[in-house]
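A short worksheet on the structure shown next.
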Amino acid sequence: MKYVLVTGGVVSGLGKGVTASSIGLILKACGLRVTSIKIDPYLNTDAGTMSPFEHGEVYVLDDGGEVDLDLGNYERFLDIKLTGDNNITTGKIYQAYYDRNCFVILVLQSVIDKERRGDYLGKTVQVVPHITDAIQEWIERVAVIPVDGKDGPPDVCVIELGGTIGDIESMPFIEALGQFSYRVGAGNFCLIHVSLVPVLSVVGEQKTKPTQHSVRGLRSLGLTPNILACRSTTELEENVKEKISRFCHVPLDNIITLYDVSNIWRVPLLLRDQKAHEAILKVLNLKGVAQQPALGEWTSRAALCDKLQEPVRVAMVGKYTGLSDAYLSVLKALVHASVACHRKLCIDWIAASDLEDETSTENPENYRSAWKLLKGANAILVPGGFGDRGVEGKILAARYARANRIPFLGICLGMQIAVIEFARSILGLLDANSTEFDHNTQNPCVIFMPEGSKTHMGGTMRLGSRRTYFKVADCKSAKLYGNQSFIDERHRHRYEVNPDMVQQLEDAGLSFTGKDESGHRMEIVELPNHPYFIGVQFHPEFKSRPGTPSALFLGLIAAATGQLETLLKKGVPKTWSLSNGTSGLKSHRYVNGTKMANGSFDGIYCNGSSIHV
């Protein structure tokens, strides 16, 4: 097994996740089988209880793992299926579950519990060696698990260490990785350090000192970089690379520039063009095994991204619109679908609360702006979320889409508010609501799931891949999924449509076209006589890939651009070639998402409330 460790220095938000994903992709293109591990040093067991404003979206895996959004990047770039164990946190290490000797029953192996049982035979339990050993054992165990659907272990494991070198919470992991690099041997371990080379606007000079200090700090902790990936706005000048090589003791050929590119899919091509794969393969003694990277389809897709001109406007009505990373997978799924339909994606961010009547008096300008954006959109999407803030605004958005025949997709909470809106407007049940927002409603359209926990937040939802059976063959969702009898999609919810109200809703014209195996849990809802009005309890965005866009996102964009009828007639291809579609997404900027402002971030161009991907 070969290991590639990606660390970051100077500042956070340099794009380690995209860098790690791109490294994995280029190694896969060389014919190697690749897996990934993300290390998050925080004490949380997982990302499930963390605020999207603080940490971005919670990405959900097939096994129900609630993990860091970078694992979504790994899955999308490498087209693999990871598990919750591929995301290591300090909380997990202190309370770790191991599938011991491949037994089905998971055995609690926490360091603290082992100490209480006396497993350490009276020894003093310390961070070194007990915690550091547990970290190394975890990495070795997870690295050999196949994630590409094939038998046998992968060839390379790409490990991303979250945070920045020097963070206090990272110290046990850095010590463990230093020991690990020594243990596995130089030919089996490659360290790539992502650092910043800023350009001071006053003098216009690329400054190397931050990178020098970052590498010095890394060395002082027992890790020596083999390759430096230097983030900068422009390509590094040759004399700057020479200076970095001299002071950081890294070969000149191993200094890679990660400068701003037109879209995020060009990052692996940037690495390839600078022969980063050759440097990695040389360190890992794989030059005689691997082939030249085959990135033809990827290159064509990146080029197509830059050429698209005809726009499609999607109104994103949500609660966390101040931070794009809160809806990262939704954005990526929209990108995949837009490229497949040959359209330039323009997203209008709308804070749901700005659509509500109260805002018309408290902040008339925001109210007018929000409604103007909503009415100018070609499609409306209401993503998942929790809490009652903005719920009435989301209901108003669903009502506008239904009444004005605008293509609509509601995900998780988005589906639930669509049902509530229908009950209020069509059934005349004016107090229809979810018990999440109104415990005393006389018409609970959405209720708390019986198996849910009301005392514990973390890991207590209906999580992971669940099966949905189509109950109506002649419906848009079934056709978009290729007329399959069932599908498997990922879930993350505590509330569900009240089965006692289903018949009443269906009698009024709402169609629940997909249900779970019991037939009592509603998974897909449609309005049959609407151009495209679909709500789903699951999260289709988590399984969307650049070459295989999510069926429902593809349907939304196709409906918004007048291509849905053609798409349904000819059928949705399992793999979307670049010759499919009809006509054009502008560009990505290679930086991680931060709070939105005018400008661009992580491949998305912003213009006030609107972004262009």
Side-chain angles (χ1 to χ4, degrees), residues 2-20 22-23 26 39 158-167 170-171 173-182 184-200 203-260 267 270-285 590-592:
K2 307 290 185 177
Y3 300 91
V4 176
L5 172 63
V6 179
T7 61
V10 185
V11 294
S12 60
L14 288 179
K16 292 192 307 298
V18 176
T19 303
S22 299
I23 290 166
I26 198 170
I39 297 175
V158 179
I159 306 167
E160 178 192 349
L161 176 61
T164 305
I165 293 300
D167 293 345
S170 301
M171 292 305 177
F173 291 99
I174 292 172
E175 175 61 31
L177 290 165
Q179 295 178 15
F180 189 68
S181 65
Y182 176 75
V184 300
N188 298 312
F189 190 90
C190 176
L191 172 53
I192 301 174
H193 186 59
V194 182
S195 187
L196 177 67
V197 179
V199 179
L200 298 184
V203 293
E205 180 185 0
Q206 294 174 331
K207 308 301 289 186
T208 65
K209 196 65 71 177
T211 293
Q212 293 180 43
H213 283 295
S214 183
V215 171
R216 186 177 298 119
L218 188 63
R219 288 179 182 278
S220 71
L221 296 171
L223 288 170
T224 301
N226 303 103
I227 298 170
L228 289 179
C230 300
R231 282 287 292 115
S232 191
T233 53
T234 57
E235 187 174 1
L236 291 188
E237 299 168 6
E238 199 62 29
N239 66 310
V240 173
K241 292 176 69 173
E242 290 173 357
K243 187 175 182 180
I244 291 173
S245 174
R246 184 182 309 113
F247 285 99
C248 296
H249 309 158
V250 174
L252 186 61
D253 290 342
N254 289 11
I255 309 292
I256 309 298
T257 311
L258 295 176
Y259 55 86
D260 293 347
V267 178
L270 197 61
L271 293 172
R272 178 202 61 188
D273 294 345
Q274 296 178 75
K275 302 188 185 302
H277 58 289
E278 292 186 5
I280 297 170
L281 296 174
K282 182 178 179 181
V283 173
L284 297 177
N285 295 329
Y590 179 50
V591 290
N592 273 355

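To the nearest 0.5 Å, atoms CG (L221) and CD (E175) are separated by 9.0 Å. For the atom pair CG (L218) and OG1 (T211), the distance works out to 11.5 Å, reported to the nearest 0.5 Å. If you take SG on C230 and CD1 on I256, they are separated by 9.0 Å, rounding to the nearest 0.5 Å. Taken to the nearest 0.5 Å, the NE2 atom of H213 stands 9.0 Å off from the OG1 atom of T208. For the atom pair NZ of K209 and CZ of R216, the computed distance is 7.0 Å after rounding to the nearest 0.5 Å. Note that the CG atom of L191 and the CD1 atom of I227 stand 9.0 Å from one another [nearest 0.5 Å].
The backbone N or O of P198 lies less than 3.5 Å from no partner atom in the side chain of S232, so there is not a single donor-acceptor pair. One N or O on the side chain of K16 and one on the backbone of G163 form a donor-acceptor pair closer than 3.5 Å. With hydrogens and angles disregarded, no donor-acceptor distance shorter than 3.5 Å links the side chain of R219 to the backbone of T224. A donor-acceptor pair is defined here as one N or O able to donate and one able to accept, closer than 3.5 Å; no such pair exists between the side chain of Q212 and the backbone of F247. Looking only at distances, no side-chain donor or acceptor of K241 sits under 3.5 Å from a matching main-chain atom of D253. Judged purely by atom type and a 3.5 angstrom limit, N188 uses its side chain to pair as donor or acceptor with the backbone of V184. S181 contributes no side-chain N or O that, together with a main-chain N or O of F189, makes up a donor-acceptor pair within less than 3.5 Å. Checking side-chain atoms of Q274 against main-chain N and O of T257 turns up a donor-acceptor pair under 3.5 Å. Judged purely by atom type and a 3.5 angstrom limit, D273 has no side-chain atom pairing as donor or acceptor with the backbone of L270.
Residues H193 and I165 have side chains in contact (heavy-atom distance under 4.5 Å, counting atoms from C-beta outward). Side-chain contact between V4 and L284: present, with at least one pair of heavy atoms (C-beta onward) separated by less than 4.5 Å. Within the 4.5 Å cutoff, no side-chain heavy atoms of L271 are placed close to those of H277. Within the 4.5 Å cutoff, the side chain of R231 has heavy atoms near those of the D260 side chain. Contact check for I244 versus L236: side-chain heavy atoms found under the 4.5 Å cut-off.
The side-chain contact (heavy atoms from CB on, under 4.5 Å) test with L228 singles out one residue from S214, C248, S245, P251, and that residue is C248.
Residue A20 comes nearest to V158 through the heavy atom pair O-CG1, 3.8 Å, listed as atom of the first residue, atom of the second, then distance. The heavy-atom pair separating S195 from L14 by the smallest distance is C-CD1, 3.8 Å. Closest heavy-atom contact between V250 and P225: CG2-O, 3.8 Å. Nearest heavy atoms, V11 versus L196: CG2-CD2, 4.1 Å. The shortest heavy-atom contact between G204 and V199 is C-CG1, 3.8 Å. The two residues N254 and A279 have their closest heavy-atom pair at OD1-CB, 3.5 Å.
Residues E160 and T19 bring no donor and acceptor atom of their side chains to less than 3.5 Å of each other.
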